[in-house]
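First the structure, in the form of structure tokens, and then the observations on it.
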Amino acid sequence: MNYAASLAVVVVLTFFFPLAVRVGLYYDVPRSLVLIALGATLTFAAATLFIRWQVGRHRSTAELLELARAQVGADPKNPRAYFVSGEHLAGLLLRLDRRREAAEVIDRYARLGGARESEIVSLREMLLQAERRQKRGG
């Protein structure tokens, strides 16, 4: 789920709370009102924490991506420049759902002399899995 979808969930929950309160008052059940209010508040808090966690994770991935791109830009002939914190640049791109860029990086990496065949195969498998997920719609 991306940031916009997560934000949409929070907005829906925000509008759900007053509706739940009105339904509780209509049926004159004060206990349910308290439970609904508590449930909505806890759900809203959980959604907010989840969104903050996702945004933080996305930011850290984007920072690693920029670092990897800088490394590759500085030394494009070095196969080790494509790795940052043990993760390949193509893997970072796939995590951010940038399949076309990842395919280009994998092709460039495969043309390097010191690139390991096993790494190239695993990167291509990751790309195929990402494309299959895209075709399935999720």
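As the structure is a computational prediction, the values presented were derived from the model and not from experiment.
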Q: Compare every heavy atom of Leu96 with every heavy atom of Leu65, then report the nearest pair and how far apart it is.
A: CD2-CD1, 3.6 Å
Q. Hey, are the side chains of Gln129 and Leu94 touching, using non-hydrogen atoms and a 4.5 Å cut-off?
A. no
Q) Are the side chains of Tyr109 and Ile106 in touch, meaning some heavy atoms are under 4.5 Å apart? A) no
Q. Does Phe44 belong to the same Ile/Leu/Val/Met/Phe/Trp/Tyr cluster as Val55, with side-chain heavy atoms less than 4.5 Å apart forming each link?
A. yes
Q: To the nearest 0.5 Å, tell me how far Leu93 CG sits from Glu87 CD.
A: 10.0 Å
Q) What is the distance from atom CD of Gln134 to atom CZ of Arg136, rounded to the nearest 0.5 Å? A) 11.0 Å
**Q.** Nearest non-hydrogen partners of Arg124 and Ala110, listed with the distance
**A.** NH2-CB, 3.6 Å
Q) How long is the span from the CZ atom in Arg108 to the CD atom in Glu104, to the nearest 0.5 Å? A) 7.0 Å
Q. So, for Leu123 and Ala90, which heavy atoms are closest and what is the spacing to 0.1 Å?
A. CD2-CB, 4.1 Å
Q.
Once side-chain contact (heavy atoms from CB on, under 4.5 Å) is applied, do any residues pair with Glu131, and if so which ones, sequence neighbours excluded?
A. Arg99, Leu127, Leu128
Q) Does the side chain of Thr61 come within less than 4.5 Å of Glu66's, by heavy atoms? A) no
Hey, can you pull the donor-acceptor pairs under 3.5 Å for the side chains in residues 67-81, sequence neighbours left out?
residue	atom	partner	partner atom	Å
Arg69	NH2	Glu101	OE1	2.4
Gln71	NE2	Ala81	O	3.0
Gln71	NE2	Phe83	O	2.9
Asp75	OD2	Asn78	ND2	3.4
Asn78	OD1	Arg80	N	3.0
Arg80	NH2	Glu119	OE1	3.3
Arg80	NH2	Glu119	OE2	3.3

**Q.** By side-chain contact (heavy atoms from CB on, under 4.5 Å) - contacts of Ser60 (at least two apart)
**A.** none
